[in-house]
Amino acid sequence: MISTSYPIPGGDLQRAGTASRSLKEQLKKIGVDAAILRRVMIAAYEAEMNVVIHARSGTMWVALDDGRVDIEVADRGPGIPDIERALREGYSTAPPQARALGFGAGMGLPNIRRSSDRFEILSEVGRGTRVRSTIFLKPAAAFRRGPGSVEALPARCRSCLACLKACPTQALRLRGGEPRVLEHRCIDCTACLAACPDGALGVRLPPGAGVPPSGLPGSPTLLLPAAVLASLAALAEPARVRSGLRRLGVRRVRLLEEWEGALREAALRSARSGEVRRPAILPRCPAVVNLVELRFPALLDHLAPFLPPAEAAARAYALREAALVACCPAQMTALQEPGGPSPLRPLLPRQLLEALLPLVRETGGTRRPAVRPGDGGPPPAAAGEADGGEADPAGAPAAYGGRQNASAGVLAADGGGEEASVDVLTAGGAAHVLSVLEAAEEGRLEDVALLDLTFCPLGCFGSPLLAEGAPVTRHRWRRLAGCLRPTEAPGAEDGPGREPPEALREPTVPASQNRGAEPERFRTILHPQPTCGESEAAPRSGAAGRREPPAEAVRRTSPAVPRAGLRLDEDMGRAIEKLSRIGRIARALPGRDCGVCGAPSCAGLAEDIVLGRARPEDCPFDNGGSAADEPGGPAAAGPGEGRQEPAPGGQP
Amino acid sequence: MKLHEIAERIGGRLVCSGASGGAEIERAYAGDTISDLLEHARADTILVTHLHNPQLARVAELMDVPAVCLLDGVSPDDELVRAIAAQGTGLIVSPEGIEETSRRLSGLLDGSGRGR
């Protein structure tokens, strides 16, 4: 991939257009097709002129690979108060001097959108605007998927085969003692991470991820799932965690469940209005969306047309300093959409913990590790030095803001929401997700309005990147958020016979009576960074602090499409022949699906043999060599094999 | 049709013949906003417009437009002429307004030209 950035000075209408001209020169050098080049120029020039006309300055960032051109133009300007209106043809706020030169027809943004295969605009009044345009150089690139975030760490692999059996899409191979991820099949779920006992599968980190030694720059807002916050509470007393977050530079903490709650409401409205087919699929878990695109394309029009919560939060903070803790590979991948430098910094739970541990230790002991080694890196050294101190449930609600009820998203997520008992079907874990989607595909769930499915059990509470299992993490969260009734309060960690602290004996407000106030109350409780003149003990209220973007459901700008499968051959005739041979070899193999060959099934080995990824003798039970004797013999991979291309029906 | 021939047939003045002076022009598009011209510009199209500022040259350059036709007998600024000439775009000036020029071009380009 080639990436380049071009500065755009604002205001100089006479000399404007130099960034687009430089881009054109670059694209012509590599022989981009004239029709594609024309569309790129329209998008680039219109976006550049918007900066020149409306903003003080900006930057055009362009990334180019063999399949697509991504253009992002970001400015520091007044922002757009009403994006919907700005996208209407004929609407313009261009000043008279620009109109005198022929601008201001209100066609700029519509022209960019029309010329783009994918288009996105983010804007915030007083901060600026980002316009993203993707133009595919070849039609097939529209269906191609970039690399995911599941990473194999061969040095740790003991070839136990657990990952092969766990993967719901047969995306893993194990040959030569090393796991390999087939990117075209991987849906970035956590099944293999959860199954691997040795931490040989982790999450690939993008450049710039993590916490610098000097702390997080720019006093960011920290966006994280409630599950991660609950895990931090297992690390040390919440007051110390909060103090540690302050010292890391975190100004404010917000939960992704705010966006989840907004998504749930929007998806339910969408399902009940008939906008999407019943049962609607809640796009809460990005791995479930990936699975539908890959294995259940017939259910694509059941997907509610909104972005998952982490992506919606990332877009809300695209123009602000923020860090987002991703709980799974799918969330991490979703944060890496092509674009220019973004102030949003992706983190893994482990990285937050590693940065937080020394700060927490300075002010007292730690308890236990909050993440397990399998999240892509070694366990933090200090985790093994946990002092084993007990949780202080009384301190948790106080430090995080007193006895609060969870947001609507959290309550609904863990079964406490109103919708869960009506016409919402909730399921977690790979096996349950698959069975529910199969039932939906067969038309057996038309009495259900909404499917709320997550690959991890109990949603992000069950992420294998967290140290404790789903029930324990959720319990911690419910206690932290004050969801539990006093009689339920003594949890496993308290041990038998321990009396709940005084604070927990106070009656809690039922969630159903308090829902309207919950988001605001949560905004109030999570304030690590005091403003000038405030003491640490008195974090400012949401109303008094710097205004944060609202948590809203974000509609997809392009519909979900079937995921590319594997094209067996460039030539259709040869592809059909290979398909036939795969079937013949699979029938000749023993059918044990044992995994010893390194493929998860005999059918997988047959495909590997035909595509040159394996040999017939890799099967330890096929002593007669029936696969090798198959008419035509196993083929060596030819040119073009293994390329990802759109597969009708989306089947891999 | 060649640019010099077009200039002659519509009674216009050839200011710059452009690097593509020998190129065939098959289509005309008339408009007075940059976005409009940008959207309809092609490598075989002469742009017909009242606009005569450096951004017109920029549009022509980015979209590989072979020539531009200004209207009402206007005298283009030296800056525009220099920019147009430097990038190899042709420039003619029609003595007529947008309607009459479009009508003449439409007739010239054998029905394939369009104007408005």
Side-chain angles (χ1 to χ4, degrees), chain A residues 6 8 12-28 32-50 52-53 60 71 86-92 94 97-116, chain B residues 19-20 23-27 29-72 74 76-89 91 97-98 116:
Chain A
Y6 307 96
I8 304 173
D12 189 350
L13 283 163
Q14 298 293 320
R15 282 195 287 274
T18 52
S20 301
R21 189 179 61 184
S22 302
L23 171 61
K24 183 186 175 189
E25 285 169 6
Q26 191 181 22
L27 295 179
K28 283 189 87 166
V32 171
D33 174 77
I36 299 287
L37 184 60
R38 185 176 170 277
R39 291 168 56 203
V40 173
M41 283 300 103
I42 291 174
Y45 179 72
E46 291 281 20
E48 180 179 1
M49 292 313 301
N50 276 345
V52 174
I53 292 169
M60 178 186 294
I71 304 168
L87 287 169
R88 268 186 234 144
E89 293 188 4
Y91 177 78
S92 174
Q97 60 269 33
R99 290 175 189 265
L101 295 178
F103 297 99
M107 293 300 295
L109 289 174
N111 265 358
I112 301 172
R113 181 155 66 171
R114 210 167 16 244
S115 300
S116 306
Chain B
S20 55
E24 285 294 320
I25 292 170
E26 298 175 1
R27 183 174 175 272
Y29 189 85
D32 280 341
T33 67
I34 292 285
S35 287
D36 200 19
L37 296 175
L38 190 69
E39 193 186 354
H40 292 91
R42 304 271 193 284
D44 61 356
T45 300
I46 181 168
L47 295 180
V48 183
T49 182
H50 284 107
L51 299 175
H52 49 95
N53 62 68
Q55 286 307 315
L56 175 65
R58 184 74 79 203
V59 168
E61 179 188 23
L62 294 178
M63 306 308 288
D64 290 326
V65 166
V68 169
C69 174
L70 302 183
L71 300 165
D72 297 326
V74 71
D77 293 345
D78 290 345
E79 191 182 357
L80 174 63
V81 174
R82 272 198 301 274
I84 290 260
Q87 68 196 38
T89 308
L91 176 64
I98 195 162
R116 72 173 201 191

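Naming convention: chains lettered A, B, ... in sequence-line order (proteins, then strands); numbering from 1 in each chain.
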> Any side-chain heavy atom of B:L62 sitting closer than 4.5 Å to one from A:R21?
Replying inline: yes

> About how many Å separate CG of B:L38 and CG of A:N111, when rounded to the nearest 0.5 Å?
Replying inline: 6.0 Å

> When you measure from the side chain of B:Q55 to the backbone N and O of A:G102, does any donor-acceptor pair fall under 3.5 Å?
Replying inline: no

>> Any heavy-atom pair between the side chains of A:M107 and B:T33 that's under 4.5 Å?
In response: no

>> Let me confirm one number: the CZ-CG distance from A:F103 to B:N53, rounded to the nearest 0.5 Å.
In response: 6.5 Å

> Measuring from A:R114:CZ to B:E39:CD, what's the distance to the nearest 0.5 Å?
Replying inline: 4.0 Å

> salt bridge (Lys or Arg N to Asp or Glu O under 4.0 Å) with A:R99: which residues, sequence neighbours excluded?
Replying inline: none

> By salt bridge (Lys or Arg N to Asp or Glu O under 4.0 Å), which residues pair with B:E79, not counting sequence neighbours?
Replying inline: none

> Is it the side chain or the backbone of B:A43 that comes within 4.5 Å of chain A heavy atoms, both, or neither?
Replying inline: neither

> Would you call B:P54 and A:R15 a side-chain contact if the rule is heavy atoms closer than 4.5 Å?
Replying inline: no

> For A:S115, is it the side chain, the backbone, both or neither that has a heavy atom under 4.5 Å from a heavy atom of chain B?
Replying inline: neither

> Taking all non-hydrogen atoms of both residues, which atom of A:G108 and which atom of B:S35 are closest, and how far apart?
Replying inline: N-OG, 3.9 Å

>> To check you understand the geometry: which heavy-atom pair defines the closest contact between A:L101 and B:I34, and what is its length?
In response: O-CG1, 3.6 Å

> Side chain, backbone, both or neither: which part of A:L13 has a heavy atom under 4.5 Å from chain B?
Replying inline: backbone

> If we only count heavy atoms from C-beta on, is the B:D64 to A:M41 side-chain gap below 4.5 Å?
Replying inline: no

>> So does A:A16 get a backbone contact from the side chain of B:R58, meaning a donor-acceptor N/O pair under 3.5 Å?
In response: yes

